[in-house]
A.B. asks: 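Take this structure first; my questions come after.
Computed from a predicted structure; not experimentally measured. Counting starts at 1 for both ligands and their atoms, in listed order.
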Amino acid sequence: MLVLFVGLFGCACAAQSVFYDSFTGNTVTNDVVKGHIKQNTTFWCLNELLPCNPLEGRRVDGSCNNLKNPNRGSAHTPMLRLLPAEYDKDFEPRRSKNGTPLPLPRKLRTWFLPEGHVPDKAMSQLFLHFWVFIVADILSVHDTVNYIHWRPHCCQEKGKTDKGCIPIKIPDDDPVHRFSSIRCMNLTRPESFQSRGCLRNDTSPERITTATPILDLSHVYGNSMQVLNAKGRLFEKGLLKFEVAGGKIWPPSYKNNKHLCFLNQMPHETRCHDIPEFGGNSVLGVNLYLIWTWRLHNRIATELGKINPCWNDERIFFTTRDIVIAIIMQIYYYEMMPALMGYENLVADGVLSGYPGFRDIYDETILPQTTLEFPFALRWAHTVQEGNLKMYDIKGNFLKEMKVVNLTLRTGYLDDNLEYITHGSFRQPSAKFDYVVDPDVAETVLGPHQLAADVFSSDLTKNRYFGFPPYIKYRKYCSGKTYRTFDDLLDVIDPERVELVKERYKNIEDMDLMAGLWLEKYVPGGRTPYTFYCIVVDQMLRSVVSDRHWYERQNRPNAFTLEQLLEIRKASAAQMLCAVGDKVTKIQPHAFYLAGRGNEMRSCEKIDKINLWAWKDASCEPKNPFNFDFTSNI
Ligand SMILES: *[C@@H]1O[C@H](CO)[C@@H](O)[C@H](O)[C@H]1NC(C)=O
Ligand SMILES: *[C@@H]1O[C@H](CO)[C@@H](O)[C@H](O)[C@H]1NC(C)=O
Ligand SMILES: *[C@@H]1O[C@H](CO)[C@@H](O)[C@H](O)[C@H]1NC(C)=O
Ligand SMILES: *[C@@H]1O[C@H](CO)[C@@H](O)[C@H](O)[C@H]1NC(C)=O
């Protein structure tokens, strides 16, 4: 068994790699490869892969997940559309039914989503931190970097002639900016196979991202073996590179000041993780979970090394990675999403298994892809994002607060405050699930990086540049019903909000998908809009069905045993913080919910743990046969 393992993970040997066109998924000739090298487009337009081996575990670059379509699952492969795109000429946003441009996004946003501060009664901040972490697994941040750094001129004269610029116009009667002179917010067109030179510009825009489309923690382990080996692996005992500072374990950090943590307050705040390829240093929630997941990996690797002293670095590393991916998926599918969408709903729709044992619904005819609508729908989360970050000490005393938006690209702030942020994350409520949005998220979402930035207006603008068809076509797709008049919307939108729609859109066909998500009522048993539910359920099922390496499968390379799977089932957000959160010794068992009746805080001792002895390899002689009974609970 050991020999097999090493062979499968370790050795690329003399195998010859093959080039695939990242968009079509077909192999390409040497001449095509040379052409891309000349134009410097190999990074985006080609995938270079070693031949697939059906017995190999999950590849870091996501390839060979589908054995018949080897490049699907890797970075820079196309997303799927639930419904065909609808654009105006030259792939500009579609127009309203009467031929005029659609209403200004900023105008719709301020009309539909008032600003205010309302804490939720049920959900914790931790819930939102985890949410953004999951999204970061399948998306990359280059669209934001684009208008902050690469094309900072979108609101200036130069922006008028740059096709990559799609600035947001602020109307003169804007409720906030009628008092300022700001009339424009920076924004760039989403990066596409076209903008990166992989497809002709006269074809329908296809979004491109640098993350792998499958849920594989590519933001923790990187999207290629080269990146993982260069930046992540320590090559000792299965560990990721780490450093210890202030008694805490951190991912490796830059040893100079040339980095992207622009908002670090120098000279005091110096920390900036040297792993930007992994999603490090970006928004706070991603940063937090990256640190915690990084620590979790090393903790599990260390235990596995003790239990199985004959395992080498390679085997410990990749077994640990498999366990860590499974733990995060277990928390995502069985803890986070039920809170959002309703457990009964998800079981009824086949997304969750009602039983703890294996389940196998793999279908090789479904490619490992993400729909374009899925990460877009998840942006609805901005409406429940809380702008103030509250910090607590380990006894639960409130210490201070800070603006979440000011912490993007400011990893240095965590040096002194990670512990307080951690203890605040499961004590502070998220923003209420309602139609009121946080003023910071609505006006200064990029903090000091921009004078003004309204994430909702950006979302709505992107809606149009992605070419999403009218909202009512999604309603039809989800419910089968045809919507002809505004009043037909009453089955999913409350009457007073249907009034708002009538006041802003001239025809029901004009209505944007995102506007529908903002205004809809929530599904019974859940706290998400109907169309959000429909789009997200599709992807959750798709992610399981299309992933040959899905952790609940019995028939996959290096599959868990039943005993191991049952240990994975014990994973929870609370236990993860008990294992790797700074000084967390007490927490509520359902940490995405606030503590309260039935969910009282309790000692970590009383929270279910994963017993790693399930991974004991009988062929390993323990170094000290008499010291067999140490516990290895995570
Ligand atoms: C080639 O492309 C890569 C990736 O897009 C980029 O980082 C690099 O600067 C480009 N090199 C040249 C010479 O344009
Ligand atoms: C399409 O246009 C962009 C500029 O908007 C350019 O960078 C890109 O190379 C073009 N693609 C092709 C295939 O011509
Ligand atoms: C957040 O950043 C803004 C600048 O955009 C600054 O004016 C403000 O004082 C900062 N707030 C906090 C709490 O750090
Ligand atoms: C747009 O970007 C420019 C250049 O970075 C900046 O000066 C300007 O303040 C930005 N506009 C807003 C509204 O933030």
A.B. asks: Just how far is it from atom OG1 of Thr422 to atom NE2 of His129, taken to the nearest 0.5 Å?
C.D. replies: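 Going from OG1 on Thr422 over to NE2 on His129, the span is 8.5 Å.
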A.B. asks: Side chain, backbone, both or neither: which part of Leu451 comes within less than 4.0 Å of ligand 4 when only heavy atoms are counted?
C.D. replies: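 For Leu451, the contact with ligand 4 is made by both the backbone and the side chain.
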A.B. asks: side-chain contact (heavy atoms from CB on, under 4.5 Å) with His177: which of Ile182, Asp172, Asp454?
C.D. replies: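 Exactly one candidate clears the test, Ile182.
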A.B. asks: Numbering the atoms of ligand 3 from 1, which are under 4.0 Å from a heavy atom of Gly447?
C.D. replies: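 Per the distance check, 5 (O).
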A.B. asks: Taking the six-membered ring where the residue is Trp, are the ring centres of His76 and Phe43 under 6.0 Å apart?
C.D. replies: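 Yes, they do, as the ring centres are separated by less than 6.0 Å.
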A.B. asks: Based purely on interatomic distance, does Gln156 place a nitrogen or oxygen under 3.5 Å from a nitrogen or oxygen of ligand 4?
C.D. replies: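 Looking only at distances, the answer is no, because the N/O contact criterion of under 3.5 Å is not met.
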A.B. asks: Any sub-3.5 Å donor-acceptor pair from Arg295's side-chain atoms to Ile249's backbone N or O?
C.D. replies: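 Flag set: sc Arg295 to bb Ile249 pair under 3.5 Å.
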A.B. asks: Could you say whether the N/O atoms of Lys403 and ligand 3 ever approach to under 3.5 Å?
C.D. replies: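 N/O-N/O distance under 3.5 Å: no.
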A.B. asks: Are Phe130 and Phe592 close enough that their ring centres sit under 6.0 Å apart?
C.D. replies: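 So the answer is yes for these two rings.
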A.B. asks: Need the list: ligand 1 N/O atoms against protein N/O atoms, distance under 3.5 Å, rounded to one decimal.
C.D. replies:
residue, atom, partner, partner atom, Å
ligand 1, 2 (O), Asn40, OD1, 3.1
ligand 1, 2 (O), Asn40, ND2, 2.5
ligand 1, 5 (O), Trp44, NE1, 3.3
ligand 1, 11 (N), Asn40, ND2, 2.6
ligand 1, 14 (O), Asn40, ND2, 3.1

A.B. asks: Could you tell me, atom by atom, which parts of ligand 4 come under 4.0 Å of a heavy atom of Cys184?
C.D. replies: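 Listed by number with element: 13 (C).
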A.B. asks: Answer with yes or no whether the side chains of His268 and Asp416 bring together a donor and an acceptor at under 3.5 Å.
C.D. replies: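 The answer is yes; a qualifying pair exists.
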A.B. asks: Report yes if the distance between the aromatic ring centroids of Phe317 and Phe235 is under 6.0 Å, otherwise no.
C.D. replies: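 No.
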A.B. asks: For Cys155 and ligand 4, does the shortest N/O to N/O distance drop below 3.5 Å?
C.D. replies: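 In this structure, Cys155 places no N or O atom under 3.5 Å from an N or O of ligand 4.
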A.B. asks: Listing request: all ring pair (Phe, Tyr, Trp, His ring centres under 6.0 Å) pairs with a residue in residues 189-217, at least two apart in sequence or in separate chains.
C.D. replies: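 Applying ring pair (Phe, Tyr, Trp, His ring centres under 6.0 Å) to every pair that reaches into residues 189-217, excluding sequence neighbours, yields Phe23-Phe193.
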A.B. asks: For Thr203 and Gln194, which I'm curious about, is there any donor-acceptor pair between the side chains at under 3.5 Å?
C.D. replies: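 Distance-only check passes for Thr203 and Gln194.
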